[in-house]
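Every heavy atom of this structure was used, including side-chain atoms; hydrogens, water molecules and symmetry mates were not. Throughout, a chain's letter reflects where its sequence line sits, starting with A, and its residues are numbered from 1. None of these values were measured; they are calculated from a predicted model.
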Amino acid sequence: MSADRPLRVRMAPSPTGPLHIGTARTSLYNYLTARHDKGTFVLRIEDTDIARSTTEFERDIIEGLHWLGISWDEGPQVAGGDDIGSFGPYRQSQRLDRYAAEAQRLLNAGLAYRCYCTPEELDAVRREQERNHEPPRYNGRCRNLTAEERASCEKEGRQGAIRFKVEPATVRWDDAVRRDVEFDNALLGDFVIVRGDGSPLYNFTVVVDDAAMQISDVIRGEDHISNTPKQIVLYEALGYKLPRFAHIPLILNPDRTKMSKRKSQTSMDAYRQQGYLSEALVNFLGFLGWSPGTEEEIFSLDELSQRFELDKVHKGGAIFDIGRLDHLNGVYIRSLTDAQLALRLRPFLPDAADDATVLRLAPLVKERLVRLGDIGELVAFLFQADDAVASWYSAELLLPKKREGSEVGSALTVVRDTLSSLTDADWSADVLESHCRAIAERLEWKPGDLFKPLRLAITGRAVSPPLFGSMELLGRERCLARIDDALGKLQRVGVAAG
RNA sequence: GCCCCCAUCGUCUAGAGGCCUAGGACGCCACCCUUUCAAGGUGGAGAUCAGGGGUUCGAAUCCCCUUGGGGGCACCA
């Protein structure tokens, strides 16, 4: 934070794609910094690239951030909606007149000039430089055109882009993460700030807007570090006060390259749809590149806000380790009450599941879920027809090791007959378990040997939520029917004694 | 090709000259618990702190070089 002015940070996503994990993390760091130091968090939509920007993407970004629990004090609150805050508008497409005015100011001051070079000409220069092992930069051909030359270019119909005059000097800044960074801007060359068609470019608009919105701290990804010298030079030319910069490390693919759609799942919404909890994502993202310096590792958004400090952010990039996210997600799922879990599970369950059932389901699956979306497979047996469930396993699977089909058949028959004498009111996990254990004991079977075929009959799978709780949920009628199905299966294959 | 940045277990990290024969967590292995699977408990393997030079009584921690990796070099953002 700059001690001499109020802390104002900003996130400036461009709506050219769905909310990216990296954008979410940078937003989080900005949000945490603002909350930690009682500052203001601004959201600005950088939609100057009209060809690729859409309101659908803007909506995805805004909703995704809200879902994570990240809120902003100024900016659009809903896609396409009105802005909140007194430094607006907060969409760059609505600020074009300001950029034009500032560009004109630079032109008038002789700090920028029109350049009439064509893309082909620029390309040729660049290739030439590469051949000579020189840094690629604009050669300044249009920098000192005479009035006549200028007029003749315009007469030819050439559209003039506006270039900023870069004077050779060493630029340096004290980065909150990287400390002292310096750069020789003789390597820069005069860069374009406004296209030939009059539309402004990123490096120019960020500076104009960050200054106009009185941003005190620019916190962004390390991939922007080489834009910083250009921006600093613009700040100075325009007479703006410099913000403090903080370049945070990138999130990496497993191969240590910048996280990308090709190699990783990068859209936030995809994680949400798989059933990752926002709490887990926030905790996970917070620790990718930062740690409190202690051995604590479970932090809520509020706790992160209290503890987060920019100076503790690492310099090196961090791999997005999905295994770690999975672990954290499990931790957060287990920390939920049954009612909370039921509520979150709702969207992942079929409509046939009534609220009471979902609530009773919660404790059965809580310790077994990595993602909420895993619920489907776990409890499919509850929502599928009996014959469908029976089709999931073969008769052979019903046999525990060293048990004949005939034995299993008669054991299941005993179970069936015993349980059928129970009333619906008695049909509870505890009662069922004690009956089944008694049967196993009478038969002199290991309980597990009896539970295995029973589990298969009831759930259709060898792995399931706890057997008796599952039976309680399924209900007397359907349980008995499924045991009958299993018995029938044994008989049909001829492994049952009849 | 040019510029910039980074570097502790496979991964996320603790570590800001002596507390480090490098700690925690995830993952992995074993055992315990146990009706399956999980969850939980206990223990274990796993990093000569990228390598090499310095500085220092003493370096994972400071300096230099090398190597490796990454990011950026647009009339994209």
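Nucleotide B:C28 has B:G44 as its partner under the Watson-Crick or G-U criteria, with both atom distances under 3.5 Å. The nucleotide B:C19 finds no pairing partner, because no Watson-Crick or G-U wobble arrangement with both distances shorter than 3.5 Å includes it. In a base pair of the Watson-Crick type (N1 to N3 plus N6-O4 or O6-N4) or a G-U wobble (N1-O2 and O6-N3), with each distance short of 3.5 Å, B:C2 is matched with B:G72.
Within the nucleic acid shown, A:I162 has no heavy atom closer than 4.0 Å to any nucleic acid atom. Using a 4.0 Å heavy-atom cutoff across all strands shown, A:R461 reaches no nucleic acid atom at all. At the heavy-atom level, A:G289 lies under 4.0 Å from the strands shown only through sugar-phosphate atoms. A:S291 comes within 4.0 angstrom of the backbone, heavy atoms only, and of no base.
With C1' as the reference atom, B:U11 and B:G52 are 28 Å apart, rounded to whole Å. For the C1' atoms, the distance linking B:G46 with B:A25 amounts to 14 Å, nearest Å. Rounded to whole Å, the C1' atom of B:G68 lies 16 Å from the corresponding atom of B:C49. Spacing of C1' atoms, B:U13 relative to B:A22, comes out at 13 Å, to the nearest Å. Between the P atoms of B:A60 and B:G51, the separation comes to 11 Å (whole Å). Spacing between B:A74 and B:C65 at atom P, rounded to whole Å, works out to 28 Å. Between B:C63 and B:G18, the distance separating the two P atoms is 16 Å to the nearest Å. Between B:C28 and B:A45, the two C1' atoms lie 9 Å apart (nearest whole Å).
Atom CZ in A:F287 sits about 14 Å away from atom P in B:C12, given to the nearest Å. Atom NZ of A:K315 is separated from atom P of B:A60 by 19 Å (rounded to the nearest Å). Put simply, CZ on A:R172 is 11 Å from P on B:C5, counting in whole angstrom units. At whole-Å resolution of the value, CZ in A:F299 and P in B:U13 are 14 Å apart. The interatomic distance linking A:L456 (CG) with B:U36 (P) rounds to 15 Å, in whole Å. Remark: C1' of B:C37 and CD1 of A:I333 are 15 Å apart, rounded to the nearest angstrom. Between the NZ atom of A:K452 and the P atom of B:C37 there is a distance of 11 Å, rounded to whole Å. One atom, NE2 of A:H314, and another, C1' of B:U13, lie 7 Å apart when rounded to the nearest Å.
In this structure, A:R25 is positioned above the aromatic face of A:Y29, its NZ or CZ under 6.0 Å from the six-membered ring centre and within 45° of the axis. Cation-pi geometry between A:R163 and A:Y138 is met: the NZ or CZ atom falls under 6.0 Å from the ring centre, inside 45° of the normal.
For the pair A:K230 and A:I193, the minimum side-chain heavy-atom distance is 4.5 Å or more.
In this structure, the ring pair (Phe, Tyr, Trp, His ring centres under 6.0 Å) partners of A:F164, at least two apart in sequence or on a different chain, are A:F191.
Heavy-atom nearest nucleotides on RNA chain B were determined for A:R368 and for A:D180, and the one closer to the 5' end corresponds to A:D180. For A:H327 and A:R455, each mapped to the nucleotide of RNA chain B holding its nearest heavy atom, the one lying further toward the 5' end belongs to A:H327.
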(request) Mark up nucleotides 71-77 of chain B, 5' to 3', with B wherever a protein heavy atom is under 4.0 angstrom from a base atom, S wherever such an atom reaches only the sugar-phosphate, and - elsewhere. (result) SSBSBSB

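Exactly one residue among A:L422, A:L473, A:I458 makes a side-chain contact (heavy atoms from CB on, under 4.5 Å) with A:C479. That residue is A:I458.
Between A:W290 and A:F308, the angle of the ring planes lies from 30° to 60°, which puts this pair in the tilted group. Ring-plane geometry between A:Y271 and A:F320 is classed as tilted, the angle between the planes lying from 30 to 60 degrees on a 0 to 90 degree scale.
In this structure, A:E167 pairs ionically with A:R143, as a charged nitrogen and a carboxylate oxygen lie closer than 4.0 Å.
The aromatic ring centroids of A:H435 and A:F468 lie 6.0 Å or more from each other.
Within the 4.0 Å cut-off from OP1 or OP2 of B:G1, not a single side-chain nitrogen or oxygen of A:H133 is found. A sub-4.0 Å separation between OP1 or OP2 of B:U35 and a side-chain N or O of A:R437 is present.
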